[in-house]
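Model, not experiment: these values are computed from the prediction. Residue numbers start at 1 and run along the sequence shown. Note that ligands are numbered from 1 as they come in the structure, with each ligand's atoms numbered from 1 the same way.
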Amino acid sequence: MFDGLKKKLDSFREDVEETAEEKELDAADADLDDSEPAPSGENEPSETTSDGTETASEAEPSIDTGAADDDTEAADDAEAGDGTEANAGPDEAGVEERPDTRDGDGDEPASLASEEAAAALQEDAAEDSGPGRLKRAAAFATGKIIIEEEDLEDPLWELEMALLESDVEMNVAEEILDTIREKMIGETRAQVETTGELVETALHDALYEVISVGQFDFDGRVAESEKPVTIVFTGVNGVGKTTSIAKMARYFENQGLSVVMANGDTYRAGANEQIQKHAENLDTKLITHEQGGDPAAVLYDAVEYAEAHDVDVVLGDTAGRLHTSNDLMAQLEKIDRVVDPDMTLFVDEAVAGQDAVERAKKFNDAAEIDGAVLTKADADSNGGAAISIAYVTGKPILFLGTGQGYDDIERFDPERMVDRLVGEES
Ligand SMILES: Nc1nc2c(ncn2[C@@H]2O[C@H](COP(=O)(O)OP(=O)(O)OP(=O)(O)O)[C@@H](O)[C@H]2O)c(=O)[nH]1
């Protein structure tokens, strides 16, 4: 489910991990530079550590800013002795090119050399033993790896593009990025186990914040409401509205609640036959009127039937499209006046992406909804609708349709959805 988006979120994690790893190596390198010139003397660890933090972030020592003074050169010499710099192709990167970076002259060779040095350090880090490991350990110990705004700039830009490509609504994407910035910038690696974990937590929190908007205890509300509980379903044709009503009938019946279905879609030819089939399959009572009849009257009759027969839940279908959207909204308003439903649920399909988000907004603006049912989550969709609808409407996604069978509906669980997107679950 939502595999494309999941992959994109994974690559954000990898980007940030890579950036942090490079930084970690830079900082660890600086740490060794500071401590190695006086190997036989007192290590003066506390001074080295506290200064080292500044040195690491300001001078960005051997890779980025280069050896600007003799001390650094000396340190490099000492380091060559332990073989670390030897990997970096020592002299080209270390001596000749570094001043260029600082001067701004000959930018290209300098940055190439820096890249070579960085690549060599990364290779070094890839080894599980030896100096690379020591460097990482040193960086962990000092806790000096701090994620700064510029470290996240590129990965966040990539993430924003990925979210927009996945049909996440613009404001929702912005909100996600803001939360990630807030959670990550200024965090030190010493406070968490790995950068990957830090990214995962930030992504998790950012997604959860938007996905969980407006959630409430659906079953609890139904249980507490006076019976019959009337639920009206809105949404355009073909997205799985009628099928979702049938699935919900099964859902309630599985909980021991009795159901009557009502076909308020008196507009579309064949609508009665379609829902009739479901009613027969489920052995559920159905109220219909002739095509062209008044949808509010059908629902009114269904509520009367439920009251007369002690039925717990009325599930009402409505037309997905009329001549104009004004007609459609007038119809929903009339249903509201006549049966005063306990809940109005908007149904749309996950595969509709941005369109589903837009429609959710329009329907909610015109006739306030209480929540949404997102169908076809089993199809290979981008995930943008699942992420955006609650934040955009302020109303939660309550159910996910996960197939064509009557049991293929599940209560939307924001935590589980986030785990699907950033965790192991698929
Ligand atoms: N894969 C998948 N298919 C679904 C799901 N929900 C509905 N469908 C299919 O989508 C198609 C349209 O569903 P309907 O229930 O007829 O859609 P509708 O919104 O009621 O459309 P109208 O009846 O035209 O108003 C049907 O073939 C359903 O089987 C789902 O969660 N997953």
To which protein heavy atom is [atom] closest, and what is the distance rounded to 0.1 Å?
atom                    : answer
atom 11 (C) of ligand 1 : Lys376 NZ, 4.1 Å
atom 25 (O) of ligand 1 : Asn237 ND2, 2.6 Å
atom 17 (O) of ligand 1 : Gly240 N, 2.9 Å
atom 12 (C) of ligand 1 : Gly238 O, 3.7 Å
atom 18 (P) of ligand 1 : Lys241 N, 3.2 Å

Taking [Y]'s backbone N and O only, do any of them form a donor-acceptor pair with [X]'s side chain (distance below 3.5 Å, no angle check)?
X      : Y      : value
Asp342 : Ile231 : no
Lys8   : Met161 : no
Glu368 : Phe363 : no

Residues that Tyr406 engages under ring-ring contact (aromatic ring centres under 6.0 Å, His included), provided they are two or more places apart: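 Tyr406 satisfies ring-ring contact (aromatic ring centres under 6.0 Å, His included) with His278 only.
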Distance, nearest 0.5 Å, that separates CG of Leu400 from CE of Met417: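 If I round to the nearest 0.5 Å, the distance is 4.5 Å.
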Phe216 and Phe218 aromatic ring geometry - parallel, tilted or perpendicular at 30°/60° bounds: tilted
Out of all atoms in ligand 1, which are within 4.0 Å of some heavy atom of [X]? Include the element for each.
X      : result
Thr402 : 31 (O)
Lys247 : 5 (C), 6 (N), 30 (C), 31 (O)
Gly401 : 31 (O)
Asp378 : 1 (N), 2 (C), 30 (C), 31 (O), 32 (N)
Thr243 : 7 (C), 13 (O), 14 (P), 15 (O), 28 (C)

Close approach, Gly403 and ligand 1, non-hydrogen under 4.0 angstrom: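 Yes, Gly403 has a heavy atom closer than 4.0 Å to ligand 1.
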Selected option - heavy-atom contact closest to atom 9 (C) of ligand 1, from Glu349, Gln404, Gln274: Gln404
Does any N/O atom on [X] come nearer than 3.5 Å to any N/O atom on ligand 1?
X      : value
Asp265 : no
Ala377 : no
Thr375 : no

Looking at side-chain heavy atoms only, is the closest gap between [X] and [Y] below 4.5 Å?
X      : Y      : value
Val311 : Ser258 : yes
Asp265 : Thr318 : no
Phe346 : Asn364 : no

Arg268 contact mode with ligand 1 (heavy-atom cut-off under 4.0 Å): side chain
Residues which pass salt bridge (Lys or Arg N to Asp or Glu O under 4.0 Å) with Asp10, listed by chain and number, not counting sequence neighbours: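 Arg13.
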